[in-house]
Amino acid sequence: MIDRRKEEHIILALLEESQYGSSWLDEVYLIHNALPELDLSDIDLTARFLGVRVSAPLGIGAITGGTELAGRINAALARAAEELGIPIYVGSQRIALLKPEIRWTFEVVRQNAPTVPKVANLGAPQLAKLPEEELAEWASQAVEMIDAHAIAIHLNAVQEVIQPEGEPGLKGVLEKITAVRRAVGRPVIVKEVGCGISKEAAARLSAAADAIDVGGFGGTSFAAIEGARAQITGAWLHKRIAETFRQWGIPTAASICEVKSVYSGFIIASGGIRSGLDGVKALALGAHFFTMSYPLLRAAVEGRIKEEVEAIMMEVKVAMFLLGARKVEDLARAPRVYGPRLKGWIEQRDLKC
Ligand SMILES: Cc1cc2nc3c(=O)[nH]c(=O)nc-3n(C[C@H](O)[C@H](O)[C@H](O)COP(=O)(O)O)c2cc1C
């Protein structure tokens, strides 16, 4: 059952209808610098990911694991991550904790990407239900399975409400996140999966999370994906809720500003980042790093993952050149103008961005 769901997520995520809304990164206009006083070859793309030096400020987002197809996708993504020197997340590992025979679909990431930072993944709704000893065991096993540098805990309230087999119970999650951090002794990333993180939520995560991955609105929509699944199974109420809440969420650009205004830890941008230029805009807004999921899943399925990541890296480099930013950190100072929607959001929410 859970493996069929994983397979459906991959297939449905590739449909055009599963990309929904705008990340508002098109509301960020970075100002061209005609006099950058740099050569393209001077640009230093290297960045730090939770204390580890990597070759670019971008990583492969959490996608999959748990089935034959997922295992092949993970192996291809991991090979590209290792070759290009960038971090890689895996999808939720709960399935492998319940069914040890499919652990290999995650272990391929450790085998194919031995040196780059790897990020384990568990879901908050499942953690919320576990007693502390079991939680510690799950988290340690998830980390060990892929020799993870960090563990991501995903918050996915919308998805849990919409999917017929969902578990929409998030009471006590903050405490459980703290328990995971104690158990694994590695950085904990708290991430959304397409609805973004507000400044109120980020402030509450301050003591519990080493990093926040905003997972903003405007890219892959789990409301759309779960709505399509509900349509297939005839679960009309879930389909209706999916349609109503398809536009729910904080656009990625706004969510970065929300989190940056109150949170002093490591900020990762994701959700609807579709080019290296989008990524650079996210870094200019205040993120330290960015990840992409859908574009890299598509590239993996089409057998051109390395080319895609190389193209994104080149786009980041070109954008830095055109802004006169020699180092990734310089992007935080890039002159910019915000469009009216983002400007209004920043003002009304009293954000520093
Ligand atoms: C097929 C698919 C499966 C996903 N599974 C997970 C998951 O298991 N855990 C998780 O934290 N995020 C998962 N995500 C969400 C992504 O990590 C990311 O937050 C989201 O797709 C937004 O990024 P994007 O617009 O670049 O795709 C998944 C995304 C896709 C496309």
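When a ligand or atom number is given, it counts from 1 through the structure's own listing order.
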> Counting C-beta onward and ignoring hydrogens, is there a side-chain heavy-atom pair between V180 and L135 closer than 4.5 Å?
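Counting from C-beta outward, V180 and L135 do come under 4.5 Å.
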> Is the backbone N or O of L97 less than 3.5 Å from a side-chain atom of K99, with the two atoms forming a donor-acceptor pair by type?
no
> Which ligand 1 atoms are under 4.0 Å away from a heavy-atom of G271?
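Selected atoms, number and element: 22 (C), 23 (O), 25 (O).
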> Return yes or no for this condition: an N or O of K191 is under 3.5 Å from an N or O of ligand 1.
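It does: an N or O of K191 is found under 3.5 Å from an N or O of ligand 1.
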> Among all protein heavy atoms, pick out the one at the shortest distance from atom 21 (O) of ligand 1; state its residue, atom name and that distance to 0.1 Å.
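Answer, as residue, atom name and distance: T220 CB, 3.4 Å.
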> Check F222 against ligand 1 and report side chain, backbone, both or neither, counting heavy atoms closer than 4.0 Å.
side chain
> Taking both backbone and side-chain atoms of Y294, is any N or O found less than 3.5 Å from an N or O belonging to ligand 1?
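Yes, there is a polar N/O contact under 3.5 Å.
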> Quick one: side-chain hydrogen bond (donor to acceptor under 3.5 Å, both in side chains) pairs with a partner in residues 58-73, sequence neighbours left out?
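Applying side-chain hydrogen bond (donor to acceptor under 3.5 Å, both in side chains) to every pair that reaches into residues 58-73, excluding sequence neighbours, yields E7-T67.
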> Measure the distance from atom 25 (O) of ligand 1 to every protein heavy atom, then report the residue, atom name and distance (to 0.1 Å) of the closest one.
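For this ligand atom, the closest protein heavy atom is R274 NH2, 2.7 Å.
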> Would G272 count as a contact of ligand 1 if the rule is a heavy atom under 4.0 Å away?
yes
> Mark yes or no for whether Q93, through its side chain, and N121, through its backbone, hold a donor-acceptor pair below 3.5 Å.
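Indeed, once roles are kept as given, a pair shorter than 3.5 Å links the two residues.
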> Checking the N or O distance criterion of under 3.5 Å, is ligand 1 in contact with S293?
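Yes; the residue has a nitrogen or oxygen that sits under 3.5 Å from a nitrogen or oxygen of the ligand.
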> Would a single hydrophobic cluster contain both L14 and I60, if residues Ile, Leu, Val, Met, Phe, Trp and Tyr are joined by side-chain heavy-atom contacts under 4.5 Å?
yes
> According to the interplanar angle, ranging from 0 to 90°, do the rings of H149 and F49 count as parallel (below 30°), tilted (30 to 60°) or perpendicular (above 60°)?
tilted
> Around atom 3 (C) of ligand 1, find the nearest protein heavy atom and jot down its residue, atom name and distance.
I63 O, 2.9 Å
> Report yes if the side chains of E258 and W345 come closer than 4.5 Å at any heavy-atom pair, otherwise no.
yes
> Near E192, which atoms of ligand 1 are under 4.0 Å from a heavy atom of that residue?
19 (O)
> For S92, is at least one N or O under 3.5 Å away from an N or O on ligand 1?
yes
> Under 4.0 Å from a heavy atom of G219: which atoms of ligand 1 are those, numbered in the order shown and with their elements?
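Atoms satisfying the 4.0 Å criterion: 25 (O).
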> Between ligand 1 and A62, is the shortest N or O to N or O distance under 3.5 Å?
yes
> Does CZ belonging to R204 count more than 12 external heavy atoms closer than 6.0 Å?
no
> State the atoms of ligand 1, each with its element, that fall below the 4.0 Å cut-off from a heavy-atom position in G91.
7 (C), 8 (O)
> According to a hydrophobic-cluster definition based on side-chain heavy atoms being under 4.5 Å apart (Ile, Leu, Val, Met, Phe, Trp, Tyr only), do F289 and V280 belong together?
no
> Under 3.5 Å, is there a donor-acceptor pair linking the side chains of T46 and D44?
yes
> Closer than 4.0 Å to some heavy atom of N121 - which atoms of ligand 1 meet that?
9 (N), 10 (C), 11 (O)
> Of K239, R246, R240, which is the lone residue that meets side-chain hydrogen bond (donor to acceptor under 3.5 Å, both in side chains) with E243?
K239
> Could you tell me whether A13 and ligand 1 have an N or O pair separated by under 3.5 Å?
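No, no N or O pair falls under 3.5 Å.
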> List ligand 1 atoms under 4.0 Å from H9, heavy atoms only on the residue side.
1 (C)
